[in-house]
Amino acid sequence: MNFKDLKLIAPILRALENQNYTEPTPIQAQAIPPVLAGRDVVGCAQTGTGKTAAFAIPILQKLNETSVPKQLQHIRALILTPTRELALQIHESFEAYGTYLKLRCCVIFGGVSQKPQEEKLKRGVDILVATPGRLNDLISQGIINLKEIEIFVLDEADRMLDMGFIHDVKRVIAQTPRKKQNLLFSATMPPEITDIVQALLVDPVKVAVTPVSSTVDKIEQSVYFVDKANKRELLKYLLKDPSITSALVFTRTKHGADRVVRDLTRANFKAAAIHGDKSQGARQTALSNFKDGTIRVLVATDIAARGIDIDELSHVINFDLPNIPETYVHRIGRTGRAGLSGTAISFCDIEEKPYLMSIIKLIKRDIPAVTDHPYPMMVFEIPPKEARPPRPARTSKLPTQAEKNSPRKQDGLRNSKQGKNRAASTALPAEPRAPKPRSHKPSGKRPAPKTGSANSPITKNAYFRKG
DNA sequence: AAAAAAC
């Protein structure tokens with residue numbers, strides 16, 4: 001199968017050749033003909049499957065077939081997508097495949113000045129790529145009119161369901177004509193999406209899914225059990241390996257991402273963060289520096305979990321595990337693209353074990369654990385339920401017995417003199433960073449204060465603290 | 001609970 005077999009016009013084929021694209025991906029082969037034929041299409045596919053080209057190429061070709069007189073100029077195609085970076089990326093694709101066509105493409109999103117976007121729109125635009133917020137803003141200012149669009153694309157529809165989004169999306173759809181060609185792409189098909197498909201699309205062609213598992217199969221995955229407090233050390237330890245040419249590190253929170261970047265920078269690793277609290281300029285700089293290799297590590301929240309295309313990304317590192325198992329699949333799908341190999345490493349602390357379990361269940365395969373690393377997780381020996389002493393009642397502010405015994409209360413495991421003395425007296429004559437197989441008896445949470453036995457006060461109190 | 005998205 002070749003793009004030539006898809007009845008594409010010469011200028012598009014030439015543009016594809018420039019990009020060194022000759023063979024359509026499965027989703028392109030399946031979606032391009034029905035889109036060209038004017039059918040509604042629902043595609044269940046993740047990014048990385050070539051989804052953007054699957055709609056961008058036929059949209060360009062269709063719009064190119066008919067021309068609109070200057071006086072009747074209007075927006076003809078709208079692509080709605082959940083993040084600004086994704087909007088930029090889709091816009092780039094349209095520009096690339098449409099190099100030899102006269103169609104004009106424009107991208108709009110928030111966080112940057114409205115003026116240039118406004119001016120570009122006034123000069124006339126055929127294809128508009130947008131995030132929902134700025135689009136609604138410009139519609140209500142009367143700068144954008146969607147009444148005559150011919151093709152509407154809802155990208156990453158399941159993500160659009162997230163809090164607040166679906167409302168914005170419905171407002172946009174309400175501004176579009178009823179009679180138009182609709183394309184909807186979604187990585188998953190929950191009932192809410194099926195409802196939207198029913199309401200919006202007419203007799204849609206369903207494009208078969210590339211099963212999530214087959215994408216996952218190409219990525220070498222592993223998990224490191226590690227205590228929360230040692231995650232940053234473990235990350236720096238792993239990054240010493242030069243075979244990690246580029247790493248996308250995911251954290252659970254925006255602050256967490258900043259903390260990791262600070263720590264890496266102090267240790268002379270070239271790193272930057274990307275998340276929703278960063279200015280748009282900083283976001284774009286971070287991403288382009290990462291893409292061109294100026295920085296080796298990009299630390300991100302789930303803003304980058306989906307869609308972001310980074311060529312030759314060697315490693316995805318889940319510094320924190322996502323609590324929604326599907327997010328794991330999206331995250332690791334940033335690597336192992338375009339036929340290249342990919343590696344996904346996940347850190348799992350004691351609180352994240354349930355998340356790991358649901359991920360394993362979702363991907364229907366085990367994730368091997370790496371045990372010979374310098375920061376193995378402290379193994380808790382949880383006594384059987386009936387053997388557990390009752391939890392101390394907390395009726396007064398006075399410290400309970402458990403708290404009095406708790407090493408954490410006394411030294412915070414960090415910086416008090418008491419803590420250091422204790423460490424000095426009870427620490428094993430340790431090689432604290434030496435690899436320790438997990439099958440051994442419980443080892444210390446940190447290299448310093450550790451005890452030998454599972455029944456030691458530290459272990460017990462650690463258990464009590466967990467409740 | 002956190003994340004993204006408009007000023």
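To find a chain, count down the sequence lines: A is the first, B the second, and so on, and within it residues start at 1.
Taking a cutoff of 4.0 Å between a charged side-chain nitrogen and a carboxylate oxygen, A:Asp320 and A:Lys231 qualify as a salt bridge. Salt bridge absent: A:Arg159 and A:Glu326 never bring a charged side-chain N and a carboxylate O closer than 4.0 Å.
Of the candidate nucleotides B:dA2, B:dA4, B:dA5, B:dA5 has the atom nearest to the side chain of A:Arg84. The A:Phe109 side chain lies nearest to B:dA6 when the options are B:dA4, B:dA2, B:dA6. The side chain of A:Arg252 approaches B:dA2 more closely than any other nucleotide in the set B:dA2, B:dA4, B:dA6. Comparing B:dA4, B:dA6, B:dA2 against the side chain of A:Arg171 picks out B:dA6 as the nearest.
Base engagement by A:Asn323 is indicated by at least one non-hydrogen atom pair under 4.0 Å involving a base atom. Among the heavy atoms of the strands lying under 4.0 Å from A:Asp137 is at least one base atom, whether or not backbone atoms are also near.
When rounded to the nearest whole Å, the span between NE2 of A:His330 and P of B:dA2 equals 21 Å. B:dA2 atom C1' lies 11 Å from atom NE2 of A:His255, rounded to whole Å. Atom CG in A:Asp320 sits about 11 Å away from atom P in B:dA3, given to the nearest Å. Put simply, NE2 on A:His167 is 15 Å from P on B:dA6, counting in whole angstrom units. If you measure from atom CD of A:Glu85 to atom C1' of B:dA3, you get 13 Å, rounded to the nearest angstrom. Note: CG (A:Asp302) to P (B:dA5) measures 13 Å, nearest angstrom. Between A:Asp168 atom CG and B:dA3 atom P the separation is 19 Å, expressed in whole Å. In this structure, A:Asp277 atom CG and B:dA5 atom P are separated by 10 Å, rounded to whole Å.
Contact between the side-chain N/O atoms of A:Thr131 and the OP1/OP2 oxygens of B:dA4 is not found at any separation under 4.0 Å. Contact between the side-chain N/O atoms of A:Arg331 and the OP1/OP2 oxygens of B:dA3 is not found at any separation under 4.0 Å.
Checked against side-chain contact (heavy atoms from CB on, under 4.5 Å), A:Ala77 has the following partners two or more places apart in sequence or in another chain: A:Ile59, A:Leu63, A:Ile127, A:Ile151.
Residue pairs meeting the salt bridge (charged side-chain N to carboxylate O under 4.0 Å, His left out) criterion with at least one partner in residues 280-291 of chain A, sequence neighbours excluded, are A:Glu85-A:Arg283.
Although no hydrogens or angles enter the test, the distance criterion places no donor-acceptor pair under 3.5 Å between the side chain of A:Thr188 and the main chain of A:Pro190.
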